[in-house]
Amino acid sequence: MKTRLASLLQQAISALQSQSELPDGPAPTIKIEHTRDPSHGDYACNVAMMLAKPAKKNPREIAQSIIDNLPADTDVTRVEIAGPGFINFFINPLSQHAIINTIVEQGGAFGKSDIASGKKVQVEFVSANPTGPLHVGHGRGAAYGATIANLLSAIGYKVHREYYVNDAGRQMDILATSVWLRYLEVCGETLTFPSNGYKGSYVPTIATELKNVHGELFMANADDVFNDITADEPAGGDKEKHIDALISRAKEQLGHDHYRLIFDAALNSILGDIRNDLEGFGVQYDDWFSERSLMDNNAINTAIEKLKASGHMYQKEGAWWFKSTDFGDEKDRVVIRDNGQTTYFASDIAYHLHTLNRGYDIIDVWGSDHHGYVPRVKAALQAMGADPERMKVLLVQFAVLYKNGEKMQMSTRSGQFVTLRELREEIGSDAARYFYVMRKAEQHMDFDLDLATSQSNENPLFYVQYAHARVCSVMRLLAEKGLTYSVENGLNHLDKLTETHEVNLIDTLNRYPAKLLQAAQHYEPHQLTHYLRDLATQFHSYYNSHKFIIDDDNLMQARLVLINATKQVLHNGLNLLGVNAPESM
RNA sequence: GCGCUCGUAGCUCAGUUGGAUAGAGUAUCGGUUUCCGAAACCGAAGGUCGUGGGUUCGAAUCCCGCCGAGCGCACCA
């Protein structure tokens, strides 16, 4: 309908231009919007006001000329000028009914489109270091990323969902060493656990498993291990140097193969837990991409060579630097450390290049604490001759948790955090998924655990699900009464749906496809949650003022088609959010 | 100090390329069930859109200053 109106307006404007009533040249893009106030009609357009300046005319005057030149359309019942120069359209309500036919016809596909026509995009999200279980901060990125992927897929993108596994680097070494030290404790050694080690309870668990499988294969004397190691912070030393020394000691005492065994045991255990956790959260991936694989297949060196060839690399103090300031970054960045090891940044450059080379545009969902990292990655892509516009970073604020009215501090290292799994167990995946995407991603978010766990009706998910369940309930009752539902009959009598509640509900149904498109293009799932609440409100209001199971069979069938169409749209929307649409509550 | 994100009802938040009287939920107050599920519905009240300027027909939205919050400023990942 919007495009139809736009085309009518375009014709009128062209006509005026040829009569020299309006200046030639490109007219402003015609924007048709739904009105907020029903007294303003169904659709409104501000094009007359946009033309006021170039035409040097009163906007209301222009609006009148446009209306006078507007071609007739059977579904437009009235056109008005209002306010400073809006053109308001009143649409024949019966023409809106057609959406119900469309919904019945398309079912679960209703609302989807092929706007993106199969363009390939990779959504990389969560990608937490496999050094511990996911916590509620990661949960938001998981819910958001998964929903974004669903939305993009719904408008025709070919979406690749990927988890980038940081299975290399110092943090993993710290984890492996932490596991080994706990293992020694399990085997009866006493030692002072490093202050910078991973202290979560999952570490001794992995250590115990290791002992069950391998016995005392990795056994060592604790005094030997700690002999000549730089002092830890509590002992007046440096915690970073302390843990680094312990890592070196672990590698040298265990030897490459045994160290790798422990390292992989820790990695596999934690990654397995993360996979399981995300699966339970309804989050699916097409690929779990290993950072280590970039080293194994030389992709990192290739990328670095490419950077060097670009002329934006230089050597300083034994390290290789990328001159990212050439591309607007704050400072230059190290790619190869003076000890010869490549940095995380080097891996990430290689990873992004690799993804682009596979033909995907990139959407990275990152925690907002990584926002300073964006310019350097884009700079690297640009230096290597790639288009940095092909990479889009969506930043997600961490949720701040409140319990008993107090803010909870979280840190993976200290082992003090609420895990995603705990959250799911307490409030359920549906509520968590919905709650997480209800707010704009870059908005700070207060997550009140007491509120979420109380299952109060504060949680709007129940409201939406209830609307869906209510339709199901009506249909159950219909069957109990021995009555039958005829879609055909209902579709044939849509013209009987003339009550205000019905018109409003149908109007809301009409808005769904555009809303879905907008939510996807702007990466804003919260638009969908707001829409679904609106739709549920319309339905509940209708439900309370009209009965559906009535004596007039034609009217009843028409109403049943309407509420089933509503149910379908609720279902489609919730499905995109990764939330169930229950038949009963 | 510099940079990024942000400041809207008591609280949690919408307000999408600048549009008409700034909207929901929740909390508060008052109504609605012999009737398809009251986890619902209807109504009232609630605002100097942080603040001061600027841009124009028109600003919560764009520009600048100030105040306040969060995050970032590693040869960590």
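In what follows, every chain begins at residue 1, and chains take the letters A, B, ... in the order their sequences are listed. Atoms considered below: every heavy atom in the structure, side chains included; atoms not considered: hydrogens, waters and symmetry mates.
Residues A:Asp332 and A:Tyr314 have side chains that bring a donor and an acceptor to within less than 3.5 angstrom of each other. Using a 3.5 Å distance cut-off with no hydrogens or angles, the side chains of A:Asp534 and A:Thr508 do not pair a donor with an acceptor. A:Glu291 and A:Tyr351 share no donor-acceptor pair across their side chains, judged by distance under 3.5 Å alone.
Taking the six-membered ring where tryptophan is involved, the planes of A:Trp366 and A:His370 are tilted, since the angle between them lies from 30° to 60°. Classification of the A:Tyr373-A:Phe345 ring pair by plane angle, with boundaries at 30° and 60°, yields perpendicular.
Minimum atom distance to the side chain of A:Glu330 is reached by B:C73, of the listed B:A77, B:G37, B:C73. Considering only the side chain of A:Arg439, B:C13 comes nearest among B:G72, B:A77, B:C13. For A:Val474, whose side chain is taken as the heavy atoms from C-beta onward, the closest listed nucleotide among B:A14, B:G19, B:C36 is B:C36. Listed candidates were B:C75, B:C36, B:C13. Nearest to the side chain of A:Tyr543 is B:C36. Side-chain atoms of A:Glu524 lie closest to B:U16 of the nucleotides B:U16, B:C75, B:A77. Distance from the side chain of A:Asn46 is smallest to B:G19 among B:G70, B:G19, B:C35. Each of B:C4, B:C35, B:C75 was ranked by its minimum atom distance to the side chain of A:Arg337; first place goes to B:C75. In this structure, the nucleotide among B:C75, B:C41, B:G19 sitting nearest to the side chain of A:Tyr463 is B:C41. Distance from the side chain of A:Glu291 is smallest for B:A77 among the nucleotides B:C75, B:A77, B:A20.
B:U48 and B:G10 have their P atoms separated by 8 Å, with the value rounded to a whole Å. Rounded to a whole angstrom, the distance from the P atom of B:G30 to that of B:A45 is 15 Å. Across the C1' atoms, B:G53 and B:G47 are found 22 Å apart, a figure rounded to whole Å. To the nearest whole angstrom, the two P atoms, one in B:A9 and one in B:G23, are 14 Å apart. Rounded to a whole angstrom, the distance from the C1' atom of B:A20 to that of B:C67 is 33 Å. Rounded to whole Å, the separation between the C1' atoms of B:A44 and B:C35 comes to 27 Å. B:G19 and B:C66 are spaced 29 Å apart, taking the C1' atom of each and rounding to whole Å. Rounded to a whole angstrom, the distance from the C1' atom of B:A14 to that of B:C71 is 24 Å.
Mapped onto RNA chain B by nearest heavy atom, A:Lys440 and A:Lys481 fall at different nucleotides, with A:Lys440 at the one closer to the 5' end. Where A:Lys316 and A:Gly372 meet RNA chain B, the nucleotide closest to each residue was compared, and A:Gly372 sits on the side nearer the 5' end.
Judged by centroid separation below 5.5 Å and plane tilt below 30°, A:Phe86 stacks onto the base of B:A20.
Across all strands shown, A:Gln521 has no heavy atoms under 4.0 Å from either base or sugar-phosphate atoms. Within 4.0 Å (heavy atoms only), A:Gln527 reaches at least one base atom of the nucleic acid. Counting non-hydrogen atoms under 4.0 angstrom, A:Asn88 reaches a base of the nucleic acid. Among the protein residues, A:Ser473 comes within range of the nucleic acid bases, having at least one heavy atom under 4.0 Å from a base atom. Within 4.0 Å of A:His540, counting heavy atoms only, lie sugar-phosphate atoms of the nucleic acid but no base atom. In this structure, A:Ser545 reaches neither bases nor backbone, as no heavy-atom distance under 4.0 Å exists between it and the strands shown. Nucleic acid contact class of A:Ile549 (heavy atoms, under 4.0 Å, all strands): base. Counting non-hydrogen atoms under 4.0 angstrom, A:Ala44 reaches a base of the nucleic acid. Residue A:Met475 is classed as having no contact, given no heavy-atom separation below 4.0 Å to the nucleic acid. When heavy atoms are screened at a 4.0 angstrom cut-off, A:Lys331 is found touching the sugar-phosphate backbone but no base atom. No contact: A:Phe345 has no heavy atom under 4.0 Å from any strand. Across all strands, A:Asn129 comes closer than 4.0 Å only to sugar-phosphate atoms, never to a base (heavy-atom distances). Here A:Ala441 lies out of heavy-atom contact (under 4.0 Å) with every strand. Contacts of A:Gln465 with the nucleic acid, taken as non-hydrogen atoms under 4.0 Å apart, are absent.
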Run the side chain to side chain contact (heavy atoms under 4.5 Å, CB included) check on A:Phe539 and A:Val471 step by step: do they pass? CA-CA 9 Å; A:Phe539 171 76; A:Val471 177; 3.5 Å; yes
Side chain to side chain contact (heavy atoms under 4.5 Å, CB included), that's the test. Do A:Tyr344 and A:Arg170 meet it? Break it down for me. CA-CA 9 Å; A:Tyr344 170 85; A:Arg170 181 165 172 264; over 6 Å; no
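No side-chain heavy atom of A:Pro525 sits under 4.5 Å from any side-chain heavy atom of A:Tyr436. Side-chain atoms of A:Leu394 and A:Lys392, non-hydrogen and from C-beta on, do get closer than 4.5 Å to each other.
To the nearest angstrom, C1' of B:C76 lies 11 Å from CZ of A:Arg376. Atoms OH (A:Tyr531) and P (B:G15) sit 17 Å apart, rounded to a whole Å. Counting to the nearest Å, the C1' atom of B:A74 and the NZ atom of A:Lys239 are 14 Å from each other. The interatomic distance linking A:Asp244 (CG) with B:C75 (P) rounds to 14 Å, in whole Å. Note: NE2 (A:His370) to P (B:C76) measures 15 Å, nearest angstrom. For A:Leu562 and B:C36, the CG to C1' distance is 15 Å, given to the nearest whole Å.
Aromatic pair A:Tyr523/A:Tyr144: ring centres not closer than 6.0 Å. Taking the six-membered ring for Trp and the full ring otherwise, the centers of A:Tyr512 and A:Tyr531 sit less than 6.0 Å from each other.
No hydrogens or angles were tested; on distance alone, nothing pairs the side chain of A:Asp369 with the base of B:G72 as donor and acceptor under 3.5 Å. Within 3.5 Å, a donor on the side chain of A:His522 pairs with an acceptor on the base of B:U16, or the reverse.
A sub-4.0 Å separation between OP1 or OP2 of B:U12 and a side-chain N or O of A:Arg533 is absent. Applying the 4.0 Å criterion to OP1 and OP2 of B:C76, one finds that A:Thr343 has every side-chain N and O outside that range. At B:G15, one or more side-chain N or O atoms of A:His526 fall inside 4.0 Å of OP1 or OP2 (strictly under the cut-off). Phosphate contact (OP1/OP2 of B:A38, side-chain N/O of A:Arg470, threshold under 4.0 Å): present.
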Writing each nucleotide of RNA chain B 5' to 3' as (, ), [, ], | or . by Watson-Crick or G-U pairing under 3.5 Å yields (((((((..((((.....[...)))).(((((.......))))).....(((((..]....))))))))))))....
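Contacts between residues 551-561 of chain A and RNA chain B, defined by a heavy-atom separation under 4.0 Å, are absent.
Checked for salt-bridge contact, A:Glu330 and A:Arg376 miss the test: no charged N lies under 4.0 Å from a carboxylate O.
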